[in-house]
**Student:** 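What follows is a single structure, and I will ask about it in a moment.
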Amino acid sequence: MNNTHNVAEAVQRVTKEIRTLESQYQRKPESVALLAVSKTKPIEAIRAAYSAGQRHFGENYVDEAVEKIQTLSRDHPDEHYHWHFIGGIQSRKTQAIAESFSWVHSVDRVKIINRLASQRPSELPPLNICVQVNIDNEASKSGAAESELEELAAACATHEQLQLRGLMAIPAPRSSFEEQRKPFAKLATLFELLRQTHSHMDTLSIGMSSDLPAAIAEGATIVRVGTAIFGQRA
Ligand SMILES: *Cc1c(COP(=O)(O)O)cnc(C)c1O
């Protein structure tokens, strides 16, 4: 279990690793952003990451996240966090997501797009959206099918309250670097196809603690890292 001192060090280590991988795979310097995935982790760990310069945080569970977001803004109003929702979305939770987050990476159906748009408070900037793709066509996994992407992107485009940023995926686990690259390469191809009609899209949200190099090699612009920063989850 990482203590808060180690969390700050881990943020610096993972950030450095990302810079090294960018140069190794001919990516532009600082073209890959680090999202620190803080699900199940306490506020002290989040603040330790913040103290090391981390500003973007990912959460999976709405109630847990909203409590942390509200506590932080009440107790530390001078600290400015950007919150990304990356978990499964139930219809009854869309309002809380629309009110508390600046990004949602896990959008996979039109109904959720329409609810997030109508519930996004008008005084806030547009909610940044990534469509989650079920890239390995796993029966049990969330995420849209390839064939649904154009429809979902078009649905986002009808709402001023939403800004379609790109695609997200969580491939099935693979053990080698070369095998890990394959689903990411497939997603990158879908991304380029979709960009022919949605040219402002700029985000590929891929790569976690176990497959960071493969994701950066294939064009990740946001990597979502939990364990390598905060330690194992209970
Ligand atoms: C938990 C989670 C992560 C982080 O996973 P680690 O293996 O701990 O780095 C990234 N993305 C999503 C969608 C997650 O649920």
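Counting convention: from 1, in listed order, for ligands and their atoms alike.
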**Student:** Please determine if Val225 has a nitrogen or oxygen closer than 3.5 Å to a nitrogen or oxygen of ligand 1.
**Tutor:**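 No - when backbone and side-chain N and O of Val225 are compared with those of ligand 1, no distance drops under 3.5 Å.
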
**Student:** Could you tell me whether the side chain of Gln54 and the main chain of Leu34 form a donor-acceptor pair under 3.5 Å?
**Tutor:** yes

**Student:** Any chance CD of Glu150 has more than 12 other-residue heavy atoms, nucleotides or ligands included, within less than 6.0 Å?
**Tutor:** yes

**Student:** If only side-chain N and O atoms count, and only distance matters, is there a donor-acceptor pair under 3.5 Å linking Gln119 with Thr94?
**Tutor:**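 Yes, side-chain donor-acceptor contact under 3.5 Å.
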
**Student:** For ligand 1, which atoms have a heavy atom of Ile86 less than 4.0 angstrom away?
**Tutor:**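 Those of ligand 1 that fall under 4.0 Å from Ile86 are 11 (N), 12 (C), 13 (C), 14 (C).
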
**Student:** Give a yes or no on whether Ile86 and Ile18 share a hydrophobic cluster (residues Ile, Leu, Val, Met, Phe, Trp, Tyr; joining criterion: side-chain heavy atoms under 4.5 Å apart).
**Tutor:**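 In one cluster with Ile86: Ile18, no.
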
**Student:** If you count the atoms of ligand 1 from 1 in the order shown, which ones are under 4.0 Å from a heavy atom of Thr227?
**Tutor:**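 Ligand 1 atoms under the 4.0 Å threshold to Thr227: 6 (P), 7 (O), 8 (O), 9 (O).
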
**Student:** Answer side chain, backbone, both or neither: which part of Arg233 comes under 4.0 Å from ligand 1, heavy atoms only.
**Tutor:** side chain

**Student:** Have a look at Ala228, Ser38, Ser209 and point out the one with the heavy atom closest to atom 9 (O) of ligand 1.
**Tutor:**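 Checking each option, the heavy atom nearest atom 9 (O) of ligand 1 is found in Ser209.
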
**Student:** Regarding atom 2 (C) of ligand 1: of the candidates Gln132, Met208, Lys39, which has the closest heavy atom?
**Tutor:**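 Considering heavy atoms of Gln132, Met208, Lys39, the nearest to atom 2 (C) of ligand 1 sits in Lys39.
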
**Student:** With a 4.5 Å limit on heavy-atom distance, are the side chains of Glu64 and Lys68 in contact?
**Tutor:** yes

**Student:** As an exercise, identify every atom of ligand 1 less than 4.0 angstrom from a heavy atom of Ile170.
**Tutor:**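 That gives atoms 13 (C) of ligand 1.
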
**Student:** Quick one: pull up SG in Cys156 and NE2 in His198 and give me the separation to the nearest 0.5 Å.
**Tutor:** 8.5 Å

**Student:** Using the six-membered ring of Tyr81, assess whether NZ or CZ of Arg55 lies under 6.0 Å from its centre and within 45 degrees of the ring axis.
**Tutor:** no

**Student:** Of the side chain and backbone of Asn60, name the one, both, or neither that has a heavy atom under 4.0 Å from an atom of ligand 1.
**Tutor:** side chain

**Student:** Quick one: does Arg224 get an N or O within less than 3.5 Å of an N or O on ligand 1?
**Tutor:** yes

